Protein chains: 2
Amino acid sequence: MATIRDVARLAGVSVATVSRVINKTDSVNPETAGQVMKAIEQLQYEPNAVARGLAGKKMGIIALILPDILNPFFPALARGVEDVAHKKGLTVILGNSDDLGLKESSYIKVLKKKYVDGFIFASNTIHEEDVEALRKEQIPIVLLDRGLNTASCAVIRSNNREGSKLAVKHLIEQGCQKIAHIYGPQEFITARERMLGYEEIAGRLREYSPSLMEQGNFDIESGRKAVEQLLVRHPDLDGIFAGNDLMAVGALKALHERGIRVPEQVKVCGFDGIGLTEITEPELTTIAQPVYEMGGLAAQILLDEIESGIRENKLIELDVTLIPRKSTHKEES
Amino acid sequence: MATIRDVARLAGVSVATVSRVINKTDSVNPETAGQVMKAIEQLQYEPNAVARGLAGKKMGIIALILPDILNPFFPALARGVEDVAHKKGLTVILGNSDDLGLKESSYIKVLKKKYVDGFIFASNTIHEEDVEALRKEQIPIVLLDRGLNTASCAVIRSNNREGSKLAVKHLIEQGCQKIAHIYGPQEFITARERMLGYEEIAGRLREYSPSLMEQGNFDIESGRKAVEQLLVRHPDLDGIFAGNDLMAVGALKALHERGIRVPEQVKVCGFDGIGLTEITEPELTTIAQPVYEMGGLAAQILLDEIESGIRENKLIELDVTLIPRKSTHKEES
DNA sequence: AGTTATATTGTAATCGGTTACATTATTTTT
DNA sequence: AAAAATAATGTAACCGATTACAATATAACT
């Protein structure tokens, strides 16, 4: 591999001039630049990213820390991030935090030493101090689905509240009168927001009761269990709005096991819009988040901040969309 | 951030000695080492990974290049790789190649400049020359699901042939007599092997005919279409072995649309063992690859090679297991 | 006792870039 | 025409580690 000094020698100039040509940071005589270009060409020279990184404290890498790539919500996010990053010549380091603050801290520690350009946290358990520390060191961060309290960096999320309202309204339109909700762990702001949206609309129904809500923890099994509980208390419920698709799948399973037909007897709606929803039987109505776009946007914002060096603590809330499918279909009467 | 010189100064020794203490590369007087340790402690010193990388040409990063993290097969692989890497203090860079040789080359080019320690390719389209080039530069590689021809580095795959045989035998045991196969793109060795396994067992059946095979391309939609074709030629088929789970899901959908009951009229078996198989209705029998373990093993082998510097061109073939589920259930008569 | 081997430590080059500062030549300003 | 500004380039320090080589002291060997 040729180095910048090889190029300088061949072109008969100093390394500084070569650097200037490469980075266009300073004016260089066009003729000289030509020589340099020719030398670069001849030697097939490519600047060494690590040396650059050492000098500039930026490795051209962004870190994406998410809870678990196995959770079907995250691959699309990762892909969104990676596509944008790759287009700009940056690479993406992936970390699974399992929603453990400790693991997040550990990633931060390791990755800071590697001079990553910035972090995207799609994780709910980052310690506030970690964020603060990164800020103080001027390392750009973008947060996904984090509260307002951390107003010290860009935050992206989708409009969970409105999404829930869409879901419940849709269930009502399809004829549901007694709509249950399986909510996610309340330490997640997304889960809280979705519950609020549900309460806002479902609370108006004559049949509404707080006991129509049951906790799950965002996985399939908990969705199934929640429905079992709900059916004990309300055997006559006719709609279920699950806080995410995974729990909705669990709900579908529970109903199927009990011989309760979907959508005829009970209609089910999920949240997230992951691919799974297209392969259940019946296919699952869901509130789709623009996950891929969220990832891309997060990367875009991060890259902007990296390039410009200016932090904009914007809070971006993306719109979600209802995707009506068979699981909430209303038979024409 | 403290540097090694700060430590040296505080401990009253040279940077070389500090380096020796940190890396245990050379003998250091225990007393001196103590001083150094104390200084390190006091300054909260942590070696800068980039400077180290520049000096040693290794950044403590491994690159995982896969076709598409959105394909449900790969998250588990990625997780397997990442878990092992993280345990050893390495980080993982993720790249989506979309099975485009060009994108792979592009990743290689970029990542070599970043001194990644090694590559794991789970992609089917790497140019032979790229592999050769990396080898020549002594950069460790591990390949997943690649042919024997590339015997110049470690290769991991699962026993696709045996897996197919397991699948077809299972279908026969469950009472199938006319078993169709949806095979994947023949440029993928996995697809070829699975087809061979199918032919080996299904070929013995009285009802066998080459026209029982139909091509798909490993996605849901192609599985559905393949079944439509197959049903035209063989309305009386009673078993379908799909070359992967995604196509099996498509098959399920096609059958469901036509009102053909699974498993009563037709039994279906997939291949891969991805999570989707548990949420279809009926749940899908499949041949499970130990995907997470494959990832872990790939990382392990790569790390061994990185550490030791010696390449072992082993070919490891992992066992697959049949997971019988409802989609091939035989009604007791 | 003289010599060789071993342990311990330091000096300075090296990895491969970026960039502050200095220098010279040329152009613009007054 | 002298002074000031601008363009073009080079020198060398710096980023923060590793490591070859040299130097010194001490232990072991003949």
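No experiment lies behind these values; they were computed from the predicted model shown. A note on names: the letters A, B, ... follow the listed sequences, proteins ahead of strands, and every chain is numbered from 1.
Per the geometry, CZ belonging to R9(A) stands 14 Å off P belonging to dG10(D), to the nearest Å. Separating the CD atom of E31(B) from the P atom of dT26(D) is a distance of 14 Å, rounded to the nearest angstrom. If you take CG of N23(B) and C1' of dG16(D), they are 13 Å apart, rounded to a whole angstrom. When rounded to the nearest whole Å, the span between NZ of K24(A) and P of dT19(C) equals 15 Å. D26(A) has its CG atom 14 Å from the P atom of dC21(C), to the nearest Å. One interatomic measurement links the two molecules: CG of D6(B) to C1' of dG16(D), which rounds to 10 Å at whole-angstrom precision. Remark: P of dG16(D) and CE of M59(B) are 14 Å apart, rounded to the nearest angstrom. Across the protein-nucleic acid pair, R20(A) atom CZ and dT11(D) atom C1' stand 10 Å apart, rounded to whole Å.
Remark: the E317(A) side chain and the S158(A) side chain contain no N/O donor-acceptor pair separated by less than 3.5 Å. Between the side chains of N160(B) and T190(B), no donor N or O sits under 3.5 Å from an acceptor N or O. N23(A) and R52(A) share a side-chain donor-acceptor pair at under 3.5 Å.
Both E46(A) and T17(B) lie near DNA chain C, and the one whose nearest nucleotide falls closer to the 5' end is T17(B). Between G56(B) and A16(A), the residue anchored closer to the 5' end of DNA chain D is A16(A), taking for each the nucleotide with the nearest heavy atom. Along DNA chain C, the nucleotide nearest to P30(B) and the one nearest to Y115(B) differ in position, and the one closer to the 5' end is contacted by P30(B).
Picking from dG17(C), dA20(C), dT8(C) the nucleotide with the shortest atom distance to the side chain of N29(B) gives dT8(C). Among the nucleotides dA20(C), dT8(C), dA12(D), the one closest to the side chain of V15(A) is dA12(D). Of the listed nucleotides (dG16(C), dA17(D), dT8(C)), dG16(C) has the atom at the smallest distance from the side chain of L54(A).
The pair K109(A)-E46(B) counts as a salt bridge, with a side-chain nitrogen and a carboxylate oxygen less than 4.0 angstrom apart.
In this structure, S19(B) reaches the bases: a heavy-atom distance under 4.0 Å links it to at least one base atom across the strands shown. Looking at heavy-atom distances under 4.0 Å, V13(A) makes contact with sugar-phosphate atoms alone, never a base.
A sub-4.0 Å separation between OP1 or OP2 of dA8(D) and a side-chain N or O of S27(A) is present. Taking only side-chain nitrogens and oxygens, K113(B) never comes nearer than 4.0 Å to OP1 or OP2 of dG16(C). Taking 4.0 angstrom as the limit, N48(A) places none of its side-chain polar atoms (N or O) nearer than this to OP1 or OP2 of dC15(C). Under 4.0 angstrom from either OP1 or OP2 of dT18(D) there lies no side-chain N or O belonging to T25(B). Distances shown here put a side-chain N or O of K57(A) below 4.0 Å from the OP1 or OP2 atom of dG16(D). Residue T3(A) has no polar side-chain atom (N or O) positioned under 4.0 Å from OP1 or OP2 of dG16(C).
No hydrogens or angles were tested; on distance alone, a donor-acceptor pair under 3.5 Å links the side chain of R5(B) to the base of dA17(D). Between the base of dG16(D) and the side chain of R52(B) there is no donor-acceptor pair shorter than 3.5 Å.
Among all heavy-atom pairs drawn from L77(B) and A122(B), the shortest one is CD2-CB, 3.7 Å.
P47(B) has its side chain out of reach of I4(B): every pair of non-hydrogen atoms, C-beta onward, lies at least 4.5 Å apart.
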